[in-house]
Protein chains: 2
Amino acid sequence: MKVMVGGTFDPLHDGHKRLLARSFELAGPDGQVVIGLTTDAFASRKTHPIRPYAVRKAAVEEFIVEKKYPAQWEIEPLNDQFGSAVDADFDAIVVSEETLPVAVEINRRRRGKERSKVDIHQITCVLAEDGRWISSTRIWRGEIDGHGRLIR
Amino acid sequence: MKVMVGGTFDPLHDGHKRLLARSFELAGPDGQVVIGLTTDAFASRKTHPIRPYAVRKAAVEEFIVEKKYPAQWEIEPLNDQFGSAVDADFDAIVVSEETLPVAVEINRRRRGKERSKVDIHQITCVLAEDGRWISSTRIWRGEIDGHGRLIR
């Protein structure tokens with residue numbers, strides 16, 4: 001199947017890796033994964049500094065290439081929460097707990113445009129050593145590393 | 001992975017089949033699927049008559065056996081919306097558009113019990129010929145058949 005997933009992916013932590021891995025798993029060997037990567041302008045609303053699009057893109061590409069997923073894939077710029085997901089022809093969207101409402105809204109908008117709704121796959125966030133979510137903000141603050149290990 | 005799914009499955013229509021098929025797909029060949037089947041007492045809240053548990057169970061079993069899914073599976077009685085999903089050790093729950101809120105509530109309750117949350121996979125409902133959902137109620141009313149074909 002054709003799967004869409006999106007994010008800022010900076011730095012690429014274990015939560016992001018889970019999101020990407022599950023997207024490729026769902027797509028299957030003959031499927032396709034479209035990764036929406038937030039543009040620098042859109043990502044700038046985050047509370048911490050974000051590395052440039054090209055740097056973040058290279059990190060995502062490196063992860064995917066190393067995993068040798070058989071599915072086809074491409075990375076496209078995401079200028080807002082929805083990107084091409086309201087209009088594109090695809091089967092399922094993979095989201096985290098935080099972004100489940102975005103997926104539900106995408107289906108609402110698709111219905112308004114008489115496009116078929118897509119399946120929604122919500123993964124649970126990966127927990128850090130302290131039982132709280134791994135997040136880019138926490139990594140940027142120096143609380144944890146990309147695997148959720150506490151930095152003391 | 002270990003997947004849970006639930007329903008009344010009466011009569012077993014294309015929407016139910018999609019839900020079951022996706023559950024086995026997600027579980028993978030080495031995985032496990034637990035199908036919660038509503039008890040007669042719980043199913044009696046439906047607006048139309050429901051066939052007995054044993055009859056509904058046999059229909060689900062027949063579908064699964066015919067498909068020759070390699071994963072392990074079992075059917076367990078569902079006495080309420082949640083069944084064992086609040087306490088059981090599993091990875092993902094498969095729901096329809098109608099039951100997405102139940103899955104979100106299951107995770108909320110799991111969190112309250114300090115159990116790890118599960119992934120949620122929401123499939124879109126299968127549409128009948130007229131573009132509306134296939135549902136047991138519509139089949140019972142004689143509007144459509146189990147494949148969503150209009151009965152004139």
Side-chain angles (χ1 to χ4, degrees), chain A residues 1-5 15 17-31 71 85 89-134 148, chain B residues 1-5 15 17-31 71 85 89-134 148:
Chain A
M1 63 169 82
K2 184 173 172 187
V3 173
M4 294 192 88
V5 61
K17 289 175 184 173
R18 182 155 198 243
L19 203 64
L20 292 169
R22 184 62 60 81
S23 301
F24 278 94
E25 212 176 286
L26 263 186
D30 302 320
D89 185 21
F90 69 109
D91 304 297
I93 188 163
V94 177
V95 292
S96 68
E97 296 177 54
E98 288 174 299
T99 50
L100 177 63
V102 177
V104 171
E105 175 63 17
I106 283 170
N107 267 343
R108 206 187 60 80
R109 291 183 182 214
R110 289 181 70 89
R111 197 182 180 187
K113 291 186 161 199
E114 297 191 351
R115 298 196 185 278
S116 51
K117 294 194 203 173
V118 295
D119 296 339
I120 299 172
H121 188 86
Q122 183 225 279
I123 63 159
T124 52
C125 292
V126 176
L127 301 182
E129 256 180 5
D130 58 2
R132 292 169 52 211
W133 290 352
I134 296 182
Chain B
M1 62 169 80
K2 184 174 171 185
V3 173
M4 293 192 88
V5 62
K17 289 175 183 173
R18 182 156 197 241
L19 202 66
L20 292 169
R22 184 62 61 81
S23 301
F24 278 93
E25 212 176 287
L26 264 184
D30 303 321
D89 185 21
F90 69 110
D91 305 296
I93 187 164
V94 177
V95 291
S96 69
E97 294 176 54
E98 287 174 301
T99 50
L100 177 63
V102 177
V104 171
E105 175 63 20
I106 283 169
N107 267 342
R108 206 186 61 80
R109 292 183 180 213
R110 288 181 71 88
R111 198 182 179 187
K113 292 187 159 197
E114 295 191 354
R115 299 197 185 277
S116 52
K117 295 193 203 172
V118 296
D119 297 339
I120 298 172
H121 188 86
Q122 182 227 279
I123 63 159
T124 51
C125 292
V126 176
L127 301 182
E129 256 181 3
D130 59 0
R132 293 168 53 209
W133 290 352
I134 294 182

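Just so we're on the same page: letters track the sequence lines, and every chain starts at 1.
- Only the side chain of A:Arg18 comes within contact range of chain B, with at least one heavy atom under 4.5 Å from a heavy atom of that chain.
- Residues A:Ile123 and A:Leu19 have side chains in contact (heavy-atom distance under 4.5 Å, counting atoms from C-beta outward).
- Between B:Asp119 and A:Thr124, the shortest heavy-atom distance links the atoms OD1-N, 2.7 Å.
- In this structure a side-chain-to-backbone donor-acceptor pair under 3.5 Å is present from B:Arg110 to B:Ala85.
- Of the two parts of B:Leu127, neither the backbone nor the side chain holds a non-hydrogen atom closer than 4.5 Å to a non-hydrogen atom of chain A.
- Listed options B:Arg22, B:His121, B:Glu25 were ranked by heavy-atom pairs under 4.5 angstrom with chain A; first place goes to B:His121.
- In this structure, the side chain of B:Asp91 engages the main chain of B:Lys2 through a donor-acceptor pair within 3.5 Å.
- In this structure, the side-chain hydrogen bond (donor to acceptor under 3.5 Å, both in side chains) partners of B:Glu129, at least two apart in sequence or on a different chain, are B:Arg152.
- Annotation for A:Ala71 and A:Gly31: closest pair CB-O, 3.4 Å, computed over non-hydrogen atoms.
- The CD atom of A:Gln122 lies 10.5 Å from the CD atom of B:Gln122; values are rounded to the nearest 0.5 Å.
- Contacts with chain A (heavy atom to heavy atom, under 4.5 Å) involve these residues of residues 92-100 of chain B, listed by number: B:Glu97, B:Leu100.
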